[in-house]
Protein chains: 2
Amino acid sequence: MISYKREKLIETARQLFYQYGFHAVGIDLILKKSGVAKKTLYNHFYSKDDLILAVLRRNDEHFRNHFVRSLENRGFSAKEKLLSIFDTTEEWFTSSQFHGCIFINAIAEYSDRSVPIHTVCKEYKRTIRDCIAGLAREANASDPNELADQLSLLLEGATVTEQVGAIRKSAERAREIAIILINRACSLS
Amino acid sequence: MISYKREKLIETARQLFYQYGFHAVGIDLILKKSGVAKKTLYNHFYSKDDLILAVLRRNDEHFRNHFVRSLENRGFSAKEKLLSIFDTTEEWFTSSQFHGCIFINAIAEYSDRSVPIHTVCKEYKRTIRDCIAGLAREANASDPNELADQLSLLLEGATVTEQVGAIRKSAERAREIAIILINRACSLS
DNA sequence: TATAGAGTAGACCGATTTGTATAATTTTAT
DNA sequence: ATAAAATTATACAAATCGGTCTACTCTATA
């Protein structure tokens, strides 16, 4: 028995927070856009921060599923999968309504490392890195952890650069650098 | 004839915006922390957004001065200067009260590309890239613009990764990748 | 048919938001 | 020294903030 109102709230809030920011978007706007009553919101969530947490966790699930699935479909070898990360990323960039990484955006507004919103974002980033490290291990990289950290750095850099919009073709650029790093780390295999 | 009150407001606002975000920090808090009267603020600035713009422009000046000066002092050859970017960056990361790049943080809260706050941030990023491109040209890189874009991407990636805090030693990592890219681009000289 | 759970609309709360207005006081320049 | 400018403290406005609460409606199931 899932609640459609709850889903509707999360999805509406996600879109608004992603585009306009977390502090900039008020509860009332979310209610108006979703067509849900205020009481219902506070029936499902303790507070606005709790709703934000739900949005981030939902985004985590969706994004990670999308991430992993696209890796499965795209590459055959682990090395190809590592590279295809940047193809998936490029598709993300060119999709409509791209406003960077919502977790990065959230951390920009919640810098206090002790608040749950911050830690959830940090954990997500760690999970993605570990996912990449698994692929690097599969690809027999000499130092899979280091390669994962490197590719993560490229990913973040491309995402933020694309968000700013002052420099173009970030995903392609990150991909090219990734080729160099992957070949370097997997030269033995 | 510079206004001390104006300077005080900008610096106080800079600290608060940088740590807590732009929407999260209200005018009243800035006034309280700076010890300046509200009328004085609106005598110097049209609005809160105008104050934010002043903060960003001030940050632009300071950061760019610091950036260029540290490059002058550190490296001797253009190639060394390019690399020393990441030493300067590492110092920045380890300084107290690091909360990422204020321009990136601002863009996260003001995604609308038509608002001045967004464009000022974008222009800043472009200026830094062009500064790096100048060094790359000095270093006789085969494609100085491409090298500048690559190093900018590394810089952004390291900054955001450090801000999140899930992966350590981002500046050193970016530096190591930079060595590879610089040597590749300047192999002829 | 009766009941319980979930949702709705909207009033209401106190606090806070950006920004204006007023009047007294201090600083500055000539 | 005097006039002008700048700054002060504070009250005020209108809107919005997150959140609580009441009263009413709808629907599913026992």
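The sequence lines fix the lettering, A, B, ..., with proteins before strands; numbering per chain opens at 1.
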Pairs of donor and acceptor atoms involving the side chains of residues 48-57 of chain A, under 3.5 Å and at least two apart or interchain, shall be tabulated with distances.
{"from": "A/K48", "atom 1": "NZ", "to": "A/F22", "atom 2": "O", "distance (Å)": "2.9"}
{"from": "A/K48", "atom 1": "NZ", "to": "A/V25", "atom 2": "O", "distance (Å)": "2.9"}
{"from": "A/D50", "atom 1": "OD2", "to": "A/Y46", "atom 2": "N", "distance (Å)": "3.0"}

[X]: partners by side chain to side chain contact (heavy atoms under 4.5 Å, CB included), with sequence neighbours left out:
{"X": "A/E90", "result": "A/A171, A/E172"}
{"X": "A/N59", "result": "A/R14, A/F63, A/I102, A/F103"}
{"X": "A/Q15", "result": "A/E11"}
{"X": "B/H66", "result": "B/T88"}

Show me the protein contacts with nucleotides 13-15 of chain C, counting only N or O atoms at under 3.5 Å.
none

(request) Using heavy atoms and a sub-4.0 Å distance, could you list which residues of residues 39-55 of chain A are near DNA chain C? By number, please. (result) A/K39, A/T40, A/N43, A/H44
(message) Below 30° counts as parallel, above 60° as perpendicular, anything between as tilted: where do the rings of B/H23 and B/Y110 land?
(response) parallel
Between side-chain atoms of residues 29-38 of chain B and protein atoms elsewhere (two or more places apart, or another chain), which donor-acceptor pairs fall under 3.5 Å?
{"from": "B/S34", "atom 1": "OG", "to": "B/I30", "atom 2": "O", "distance (Å)": "2.7"}
{"from": "B/S34", "atom 1": "OG", "to": "B/L31", "atom 2": "O", "distance (Å)": "3.3"}
{"from": "B/K38", "atom 1": "NZ", "to": "B/D28", "atom 2": "OD1", "distance (Å)": "3.3"}

(request) Could you name each residue pair satisfying salt bridge (Lys or Arg N to Asp or Glu O under 4.0 Å) that touches residues 131-143 of chain B, not counting sequence neighbours? (result) none
(request) List in chain and number order the residues that pass salt bridge (charged side-chain N to carboxylate O under 4.0 Å, His left out) with B/K125, two or more places apart in sequence or in another chain; answer none if no residue qualifies. (result) B/E156
(request) Enumerate the residues from residues 12-38 of chain B whose closest heavy atom to DNA chain D is under 4.0 Å, giving them by residue number; use none for an empty result. (result) B/G35, B/V36, B/A37
(message) Among residues at least two apart in sequence or on other chains, which ones pass ring-ring contact (aromatic ring centres under 6.0 Å, His included) with A/Y20?
(response) none
(request) State whether A/S3 places a side-chain N or O below 4.0 Å from either non-bridging phosphate oxygen (OP1 or OP2) of C/dG5. (result) no
